[in-house]
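Okay, structure first, notes after.
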Protein chains: 2
Amino acid sequence: MKGYLTYLILWNLSQTRMNGAQITREFEKRRGTKPSPGTIYPALKELKTKGLITVDDKKTYSLTIDGENELKSACKLFCKIFYDAKEMSEFCK
Amino acid sequence: MKGYLTYLILWNLSQTRMNGAQITREFEKRRGTKPSPGTIYPALKELKTKGLITVDDKKTYSLTIDGENELKSACKLFCKIFYDAKEMSEFCK
DNA sequence: TGATGAATATTGGGTAACCGATAAATATAA
DNA sequence: TTATATTTATCGGTTACCCAATATTCATCA
């Protein structure tokens, strides 16, 4: 499975402000493996240039309004695609 | 979001046996857009060569035992990565 | 039977997503 | 300060993922 990284960065930042290292740890928890810095920082950079996130002087990232809207529609699509996620979690027990 | 296609093919086939056209329609329901034949059939072919699915003479695809096991671990990973999917569905309401 | 549409399949890319290696900046401690 | 660890960042490259276009097979019906 690829492609969920950007989405999950936005999602994580919607829950709480984080720096790059924290985001990395968050992914390590979720996936089991730690994403490479070559994965996380270019992704953050692109989200920043798109105006979906901002950084403060402490290198802490947070969602912008646009980012929140973007996340909301990505979230809707996610839930539509995986509408039966609950049954999936039953299946793999 | 990319990368979920193979996973969802396996998932769909675990629910019921299907031919290519039915799988295509299933994706159209989930994503809103219909995947191209150049997407769906190469994916099926690869899953077949990996021994995860089989085809009968009516071109109906179904999971093999290996496919079911593969799906199960993919499913586990999915649920781990998106453990808070429920909160996501709340968020985008 | 021939014709028309649907389903199946192949081919040849394009590109987004991600990684490894490396380097630079920043913090922490001795 | 020096040294050590952590965090941030860049670069080049690879590959997984998916598509558009086209071809072929199959089904249905006039």
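This structure is a prediction, so every number in the text was calculated from the model and none was measured. Chain letters run A, B, ... following the sequence lines, proteins first and then strands; every chain starts at 1.
Among the atoms of the strands shown, only primed sugar atoms or phosphate atoms (P, OP1, OP2) are found under 4.0 Å from some heavy atom of A:Y61.
Remark: B:K48 fails to qualify as a cation-pi partner of B:Y61 under the 6.0 Å distance and 45° angle criteria applied to the six-membered ring.
Aromatic ring centroids of B:F78 and B:W11 lie 6.0 Å or more apart. A:Y4 and B:Y4 have their aromatic ring centers separated by at least 6.0 angstrom.
The two residues B:I40 and B:P35 make their nearest non-hydrogen contact at CD1-CG, 4.3 Å.
Between A:D66 and A:K50, no side-chain nitrogen of the basic residue sits less than 4.0 Å from a carboxylate oxygen of the acidic one, so the salt-bridge criterion is not met.
Put simply, NZ on A:K59 is 10 Å from P on C:dA27, counting in whole angstrom units. When rounded to the nearest whole Å, the span between CD1 of A:I40 and P of C:dA17 equals 13 Å. The CG atom of A:L44 sits 14 Å away from the C1' atom of D:dT10 (whole-angstrom rounding). The OH atom of B:Y4 sits 7 Å away from the P atom of D:dC18 (whole-angstrom rounding). Protein atom CD of B:E46 is 12 Å distant from nucleotide atom C1' of D:dC18, rounded to whole Å. When rounded to the nearest whole Å, the span between CD1 of B:I9 and C1' of D:dA16 equals 14 Å. Nucleotide C:dA21 holds its C1' atom 16 Å from the OH atom of A:Y41, rounded to whole Å. Distance B:I81 CD1 to C:dC18 P: 10 Å, rounded to the nearest Å.
Take the nearest nucleotide of DNA chain C for B:K45 and for B:R25: the residue whose nucleotide is more 5' is B:R25.
Residue B:R31 places no side-chain N or O under 4.0 Å from the OP1 or OP2 atom of D:dC18. Close to C:dT8, at under 4.0 Å from its OP1 or OP2, lies a side-chain N or O of B:N19.
Transitive grouping of hydrophobic side chains (ILVMFWY, heavy atoms separated by less than 4.5 Å) brings B:L10 and B:V55 into a common cluster.
For the side-chain contact (heavy atoms from CB on, under 4.5 Å) with A:L52, the lone residue among A:N69, A:I9, A:L47 that qualifies is A:L47.
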Could you list all N or O pairs between the protein and nucleotides 20-22 of chain D that sit under 3.5 Å apart?
from, atom 1, to, atom 2, distance (Å)
D:dA20, N7, B:S36, OG, 3.0

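One axis for each end of the helix from C:dT1-D:dA30 to C:dA30-D:dT1, each built from five base pairs, and the angle between them comes to 20° at 10° resolution.
The structure places CD1 of B:I53 at 12.0 Å from CE of B:M18, a figure rounded to the nearest 0.5 Å.
A salt bridge (Lys or Arg N to Asp or Glu O under 4.0 Å) check over residues 30-39 of chain B, counting only residues at least two apart or in different chains, returns the pairs A:D84-B:R30, B:E26-B:R30.
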